[in-house]
Amino acid sequence: SHMKQLASSLVMCCRYQEALDIYQCLMRDERVTLNEIRGNYSICLAYLGRFDEALPLIDELIANHLHDPSVVLMRATIHLLHERWEEGWKDYLWRGTSIKHHLRTLPFDKWNGADLKGKTIVLLAEQGLGDQIMFASCIPDILAMQPKRVVLESSNRVAKVLARSFESCEIIASKQSTNLSWASRLQDVDCFAPLGDLPFHFRR
């Protein structure tokens, strides 16, 4: 409907209160898909800092099997803001399906936290420079697991910093494109992990 489009546009313009008012009206309209509207409504509440109101709505939506990664990602943000690390990083694992241009994968098994002693792991760059530096704070935890080899992809702009910081890692400087041909040249890789998955394992 035009009202839904208007509300979406208002959210894009950070005019959350006006969007919230529209979503409240839409929730009284029997013709609309309520789950979608409730999801958008709860996200607006969160953007307005009304976390105590947003979180129960989001929990209910997710419990009712709403497969909307943006709602799960908003719950991750709320938990992380309130230092509920375990819940936050668990929900944060959904980010790849929500932020499409960050969804890249490799033709190796995804690391699940298992023992890395004597293994080779590839760590895949994601998001911006600050994110990569923040997530790189978990690389010492990876190295402490005594892998045989750590291959670290990073943005061209931070590759030199990470190479100096982690001399035992092999650094692949890249443009973070969907062209992952560099990975096909790697030998005997056991697993890979996106950098942003590391806090789920090490920062609970």
Examine [X] and [Y] and state if one hydrophobic cluster contains both, with Ile, Leu, Val, Met, Phe, Trp and Tyr joined whenever side-chain heavy atoms are less than 4.5 Å apart.
X      : Y      : result
Met74  : Leu57  : yes
Leu198 : Leu124 : no
Val151 : Val161 : no
Val189 : Leu152 : no
Ile43  : Tyr41  : yes

To the nearest 0.5 angstrom, please state how far the [atom1] atom of [X] sits from the [atom2] atom of [Y].
X      : Y      : atom1 : atom2 : result
Arg164 : Lys160 : CZ    : NZ    : 8.0 Å
Thr120 : Lys148 : OG1   : NZ    : 5.5 Å
His2   : Ser9   : NE2   : OG    : 12.0 Å
Asp131 : Arg95  : CG    : CZ    : 9.5 Å
Leu48  : Cys14  : CG    : SG    : 10.5 Å
Asn40  : Met27  : CG    : CE    : 10.0 Å

Around atom [atom1] of [X], are there more than 12 heavy atoms of other residues, nucleotides or ligands at under 6.0 Å?
X      : atom1 : result
Asp115 : CG    : yes
Arg157 : CZ    : no
Glu167 : CD    : no

* Asked: Using the ring of each side chain (for Trp, its six-membered ring), is Tyr92 parallel, tilted or perpendicular to Trp89, with breaks at 30° and 60°?
  -> perpendicular
* To do: Look at the rings of Phe51 and His82 and say which category their plane angle falls in: under 30° parallel, 30 to 60° tilted, over 60° perpendicular.
  =>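 Because their plane-to-plane angle is over 60°, the rings of Phe51 and His82 count as perpendicular.
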With side chains defined as the heavy atoms from C-beta onward, is the minimum distance between [X] and [Y] less than 4.5 Å?
X      : Y      : answer
Ile171 : Ser154 : yes
Arg104 : Glu153 : yes
Ile142 : Phe202 : yes
Asp141 : Arg203 : yes
Ser155 : Gln132 : yes
Trp111 : Lys119 : no
Trp94  : Ser70  : no
Leu20  : Leu10  : no

[X] versus [Y], closest heavy-atom pair with distance:
X      : Y      : result
Glu126 : Leu195 : OE2-N, 3.7 Å
Val11  : Ala19  : CG2-CB, 3.7 Å
Ser137 : Pro140 : O-CD, 3.4 Å
Asp190 : Asp109 : O-CB, 3.9 Å
Ala46  : Ile78  : CB-CD1, 4.0 Å
Ala54  : Leu45  : CB-CB, 3.8 Å

* **Contacts of Arg204 that satisfy salt bridge (Lys or Arg N to Asp or Glu O under 4.0 Å) - sequence neighbours left out** =>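 Expected list: Glu86.
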* To do: Classify the side-chain pair Asn179/Ser177 by whether it contains a donor and acceptor separated by less than 3.5 Å.
  => no
* Asked: Do side-chain atoms of Thr77 reach the backbone of Leu73 as a donor and acceptor pair under 3.5 angstrom?
  -> yes
* Are Glu60 and Arg38 within salt-bridge range, i.e. N to O under 4.0 Å? -> no
* To do: May I ask you to decide whether Glu87 forms a salt bridge with Arg84, counting only side-chain N to carboxylate O separations under 4.0 Å?
  =>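 No, this pair does not count.
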* **Those residues that, when tested against Lys110, pass side chain to side chain contact (heavy atoms under 4.5 Å, CB included) (two or more places apart)** => Phe192, Pro194, Asp197
* Asked: Can you name the one residue among Leu162, Ile172, Ile139 that meets side-chain contact (heavy atoms from CB on, under 4.5 Å) with Leu123?
  ->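 The residue from Leu162, Ile172, Ile139 that satisfies side-chain contact (heavy atoms from CB on, under 4.5 Å) with Leu123 turns out to be Ile139.
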